[in-house]
2 protein chains.
Amino acid sequence: MTSKLNLRQTPVRQANVRQCTNVSCKDCSLSPLCLPTALRFEEDIINLDHIIKRGRPLKKGEHLFLEGDAFTSVFAVRSGSLKTYTSTNEGEEQITGFHLPSELVGLSGMDTDHYPVSAQAMETTMVCEIPFDKLEELALEHPQLRRQLMCVMSKEIRDDQQMMLLLSKKNADERIATFLVNLASRFRRRGFSSQSFRLSMSRNEMGNYLGLAVETVSRVFTRFQKQDLIHAVGKEIEILDPQALSRMAGGKARDQIELTSVH
Amino acid sequence: MTSKLNLRQTPVRQANVRQCTNVSCKDCSLSPLCLPTALRFEEDIINLDHIIKRGRPLKKGEHLFLEGDAFTSVFAVRSGSLKTYTSTNEGEEQITGFHLPSELVGLSGMDTDHYPVSAQAMETTMVCEIPFDKLEELALEHPQLRRQLMCVMSKEIRDDQQMMLLLSKKNADERIATFLVNLASRFRRRGFSSQSFRLSMSRNEMGNYLGLAVETVSRVFTRFQKQDLIHAVGKEIEILDPQALSRMAGGKARDQIELTSVH
DNA sequence: AGATGGTAATGACCGAAGTCAATGTTTACA
DNA sequence: TGTAAACATTGACTTCGGTCATTACCATCT
């Protein structure tokens, strides 16, 4: 069917490595987007701090966990980016998500005791590891934190359902437009430019995620450039006409407003 | 892109209707599959009972809630079946799931205060309504119940991701095979035959859900019959060769075993 | 700096599934 | 119980995007 990704590096797991880089949540620039949002008092954030393990950075291609590994922790991306993927019987991989700083990874393993996907670094990446049993303990005393965990999951469900819509109703142009608009708005939330950014994934990974062949991704990119919608040099992307791109993306009006209202 | 469903009946909401049919959770045949699983003591189940509202049955085509409605409750299907769907800008609908007895609907609205999908009865359907604030109160004292809610959500995420895999990697035959195998195994869990059952959705709805045109669904059905994989008369389906169908479905080995081990 | 292997772009061709249209079959409800 | 509307099937034709093949690019790594 679609092409196989064979860039898979030797799967060395890198969880449970406590070391260096002991920035605390309190000082982390991501804390307003991340778990600490749920904790009102400095004291509670310090408690969270104590259970978080900050490992050494993952290098590009290293795995954080593999599909089937025992579920022990959830992870928050601190810097860099991850992808998660499952594989079919025949060994083809299907990327289920790309994860930027402040996003939580691994929660979907909760009810099976095993991660249902593999998580791999797409570039040098730092993560905070949060042992799940400790997180549950902390959540015992913090309804807010409990609620936030549920919220993260319910948001993931909604996003996945939008993805299902994309995969079953949108054509190649609409898929790529949607993808770029979505990335742009995630970058903006994190304080980066939404006009101009660097894609951390290859065309191949993008195609895999969007249900398209690499060649199609390439063709759409060149077409978008001819139409002056974007300007792309390798992985550097500049969005020239966000409104047009948003319109093309179709989907929910909500997302469009989100992108075009601020810049 | 794909065909539009215009069978949408006048959207009359039917939540909050307390009436008749006051079977208690304790006596409900679904309780081992449903929320009460999390509650060990009869007393606690009685508490759950008290917060549940059992409305009058929904008729085919009636809505339980609409996309954008205020999120107030989650619902458990008691009998019949529901579909949930979102719609694109252009008013096309995308079915995001079919829901059988004992399954929970509405949880993905948790973090936005609005349901992100509409839920509609596909046949005469009874549901238990569980006001979310009450459920949260009850969950305060029952870590088990909290855990189960999280589990339901994490299972939904995993299922949605399998659906993404289907939509982006599988061809028409594989999609339909996967769908039938999955339905069969859900029926078996509920004590019904997994060899022979009635589809509650139309070919159109099936196609919509699977990202296929109605015509394709029809053609695959006739092809499967010629190959003696299934026997279909209208909505009545008989699975003649579960192993072959499972093999064709590809996907996770896990699901295949589930279908073929018992019968 | 030069070689090498993964990554990207582009063209030619093909095929699975979509669209359109015509016809047959259920279902619902008056 | 009859009839209209919704649903399902089938065939003919088209199309979008996949596959294959070639060339160009660029990022490491010795």
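Each chain gets a letter, A, B and so on, in the order its sequence line appears, and its residues count up from 1.
Straight-line distance from the NZ atom of A:K170 to the P atom of C:dG18: 18 Å, rounded to whole Å. Remark: P of D:dA24 and CZ of A:F221 are 23 Å apart, rounded to the nearest angstrom. The interatomic distance linking A:E123 (CD) with D:dT28 (P) rounds to 12 Å, in whole Å. For the pair A:K169 NZ and C:dA17 P, the computed distance is 16 Å after rounding to whole Å. Atom P of nucleotide C:dC14 and atom CG of B:N171 are separated by 21 Å, given to the nearest angstrom. Whole-Å rounding puts the A:N204 CG to C:dG5 C1' distance at 15 Å. Distance, B:R175 CZ to C:dA16 P: 14 Å, rounded to whole Å. For the pair A:E215 CD and C:dC14 P, the interatomic distance rounds to 17 Å; values are reported in whole Å.
For D:dG18, one of the phosphate oxygens OP1 or OP2 lies less than 4.0 angstrom from a side-chain nitrogen or oxygen of A:T216. Dashed line: the shortest gap from a side-chain N or O of B:R219 to OP1 or OP2 of C:dA17 is not under 4.0 Å. OP1 or OP2 of D:dT10 has at least one side-chain nitrogen or oxygen of B:T222 nearer than 4.0 Å.
One finds the CG atom of A:L166 at 12.0 Å from the CG atom of A:D159 (value rounded to the nearest 0.5 Å).
Closest to the side chain of B:A172, out of C:dA8, C:dA17, D:dG11, is C:dA17. The side chain of B:K60 lies closest to C:dA28, out of C:dA28, D:dA21, C:dT7. Listed candidates were C:dA17, C:dT10, D:dG18. Nearest to the side chain of A:L212 is D:dG18.
Between B:A232 and A:R223, the one whose closest nucleotide on DNA chain D sits nearer the 5' end is B:A232.
Aromatic rings of B:F192 and B:F197 (six-membered ring for Trp) have centroids beyond the 6.0 Å cut-off, not under it. A distance below 6.0 Å separates the ring centres of B:F65 and B:F75.
Residue contacts for A:S218: at a heavy-atom cut-off of 4.0 Å it reaches a base atom on one of the strands shown.
A donor and an acceptor atom, one from each side chain of B:S81 and B:E123, are located under 3.5 Å apart.
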- prompt: Can A:R56 and A:E62 be said to form a salt bridge (Lys or Arg N to Asp or Glu O under 4.0 Å), step by step?
  reply: CA-CA 12 Å; A:R56 68 154 176 70; A:E62 275 184 320; 3.4 Å; yes

